[in-house]
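Chain naming here is simple, since letters A, B, ... match the order of the sequence lines and numbering starts at 1 in each.
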2 protein chains.
Amino acid sequence: MNSEFTIAVHSLVYLAYLPERMAPSEVIAENVSTNPARVRKVMSHLRKGGYVDTREGAGGGYRLTLDPAVVSLADIYRLMAQGSVIPSWCSGDPDSDCVVGSNMRSVMNGIFCTAEKQLESYFGGITVADVLGRIKVCK
Amino acid sequence: MNSEFTIAVHSLVYLAYLPERMAPSEVIAENVSTNPARVRKVMSHLRKGGYVDTREGAGGGYRLTLDPAVVSLADIYRLMAQGSVIPSWCSGDPDSDCVVGSNMRSVMNGIFCTAEKQLESYFGGITVADVLGRIKVCK
DNA sequence: TCAACTGTAACTGATATTATTACAGTATAA
DNA sequence: TTATACTGTAATAATATCAGTTACAGTTGA
């Protein structure tokens with residue numbers, strides 16, 4: 001799994017946790033345990049996806065725009081890490097003379113695509129608010 | 001996803017396809033489209049797992065020992081690629097003062113572990129024989 | 001005893017990942 | 001209007017992971 005997905009979820013949950021629902025990249029980065037540039041890159045995607053607002057300049061930062069209860073991890077997964085289940089390396093060769101060698105690639109691809117859809121469906125059942133809820137229970 | 005998982009599945013399906021259910025690493029490697037050393041490494045794991053027999057020496061190679069209809073992709077996944085869903089990088093810091101920063105790691109870990117189990121369960125429903133069946137339909 | 005295998009490790013090159021640094025652009029506030 | 005505090009983005013470097021290659025000792029069958 002892509003770690004940008006983790007950073008995106010963490011950032012959104014953190015913003016949802018703050019009363020003002022707003023923070024600059026440096027503050028988010030410290031909470032996430034990474035550097036501000038990386039957070040800004042992730043937040044840039046989230047902004048394009050409409051999940052956060054950006055305010056440049058002094059006193060600026062990122063602000064959550066949507067209700068945490070309606071944003072699911074599937075939304076974020078699709079934005080940040082789609083295709084994580086499918087391996088980058090494929091076996092076989094479509095031009096092989098052997099039925100197995102020539103068709104394995106597409107068959108495995110079908111299997112992985114279904115797995116990917118199942119993962120998305122699982123993430124679809126968990127919202128940012130749910131994650132924050134689980135965290136609060138940890139106290 | 002780990003590509004050794006793909007190689008393992010491909011190799012087992014290929015062996016199941018052969019009438020004698022046996023082949024040396026070089027032949028398997030050609031069908032898989034990789035090099036023999038890599039195949040041998042994967043097959044070594046499968047042998048330890050009891051899925052194939054090894055015969056060293058001239059005329060040797062790997063032989064399928066189990067019925068392809070009882071070996072599921074979940075068995076192979078557990079052997080070759082367990083934990084693929086969990087990201088290597090974790091956000092947050094257990095020693096953080098913030099509830100979010102300190103607990104995010106374990107909460108996300110729980111989410112990923114459940115996702116992993118779901119993936120295993122999906123793979124559990126597909127056997128080596130099923131994969132071979134799908135390939136034959138491609139003809 | 002030769003030839004054909006496996007088992008395993010070392011090494012290389014390619015690719016991916018994370019951190020770091022830098023700087024132009026933008027908004028706020030004094 | 002000027003200093004300050006931000007974002008956006010790219011370049012670079014450090015590190016880790018991945019796939020291919022080579023090598024060779026050990027094993028077995030002919």
> Considering residues, nucleotides and ligands other than E26(B), do more than 12 of their heavy atoms fall under 6.0 Å from its CD?
Replying inline: no

> In whole angstroms, how far is the C1' atom of dT6(C) from the NE2 atom of H45(B)?
Replying inline: 15 Å

> How far apart are the closest heavy atoms of S3(A) and W89(B), and which atoms are they?
Replying inline: CB-CB, 3.7 Å

> Judged by atom type as modelled, is there a donor-acceptor pair below 3.5 Å linking the side chain of N109(B) to the main-chain atoms of S106(B)?
Replying inline: no

> On DNA chain D, nearest-nucleotide positions of G59(A) versus M43(A): which is more 5'?
Replying inline: G59(A)

>> Within a 6.0 Å radius of atom CD on E30(A), are there more than 12 heavy atoms belonging to other residues, nucleotides or ligands?
In response: no

>> Donor-acceptor check, side chain of T65(B) to backbone of G50(B), threshold 3.5 angstrom: yes or no?
In response: yes

> Side-chain N or O of S25(B) less than 4.0 angstrom from OP1 or OP2 on dT6(C)?
Replying inline: yes

Give me, pair by pair, the N or O atoms of the protein and of nucleotides 15-19 of chain C that are less than 3.5 Å apart, along with how far apart they are.
| from | atom 1 | to | atom 2 | distance (Å) |
| --- | --- | --- | --- | --- |
| dT18(C) | OP1 | S3(A) | OG | 3.1 |
| dT18(C) | OP2 | S3(A) | OG | 2.6 |
| dT18(C) | OP2 | R38(A) | NH2 | 2.8 |
| dT18(C) | O5' | R38(A) | NH2 | 3.4 |
| dA19(C) | OP2 | T34(A) | OG1 | 2.7 |
| dA19(C) | OP2 | R38(A) | NH1 | 3.0 |

> With no hydrogens and no angle check, is any side-chain donor or acceptor of S11(A) less than 3.5 Å from a backbone partner on I7(A)?
Replying inline: yes

> Once you build an axis from the first five pairs and another from the last five of the helix from dT1(C)-dA30(D) to dA30(C)-dT1(D), how far apart in angle are they, to 10 degrees?
Replying inline: 10°

> What is the distance, rounded to the nearest whole Å, between atom CD of E56(B) and atom C1' of dC5(C)?
Replying inline: 7 Å

>> Check whether Y77(A) reaches the backbone of S84(A) with its side chain - one donor and one acceptor, N or O, closer than 3.5 Å.
In response: yes

> Between R55(B) and R40(A), which is nearer to the 5' end of DNA chain C once each is assigned its nearest nucleotide?
Replying inline: R55(B)

>> Using modelled atom types and a 3.5 Å cut-off, is there a donor and acceptor pairing between side-chain atoms of D75(B) and backbone atoms of S72(B)?
In response: yes

> If you pin A37(A) and G57(A) to their nearest nucleotides in DNA chain C, which one's is more 5'?
Replying inline: A37(A)

>> Set out, in order, the CA-CA distance, both residues' side-chain angles and the distance that settles side chain to side chain donor-acceptor pair (under 3.5 Å) for E120(A) and Q82(A), then state yes or no.
In response: CA-CA 9 Å; E120(A) 271 188 49; Q82(A) 193 157 51; 3.3 Å; yes

> Do the side-chain N and O atoms of R105(B) and S33(A) include a donor-acceptor pair separated by under 3.5 angstrom?
Replying inline: no

>> Please tell me whether F123(A) and F5(A) form a close aromatic pair, meaning their ring centres lie under 6.0 Å apart.
In response: yes

> Which nucleotide span of DNA chain D, 5' end to 3' end, has atoms closer than 4.0 Å to non-hydrogen atoms of chain B?
Replying inline: dA19(D) to dG29(D)

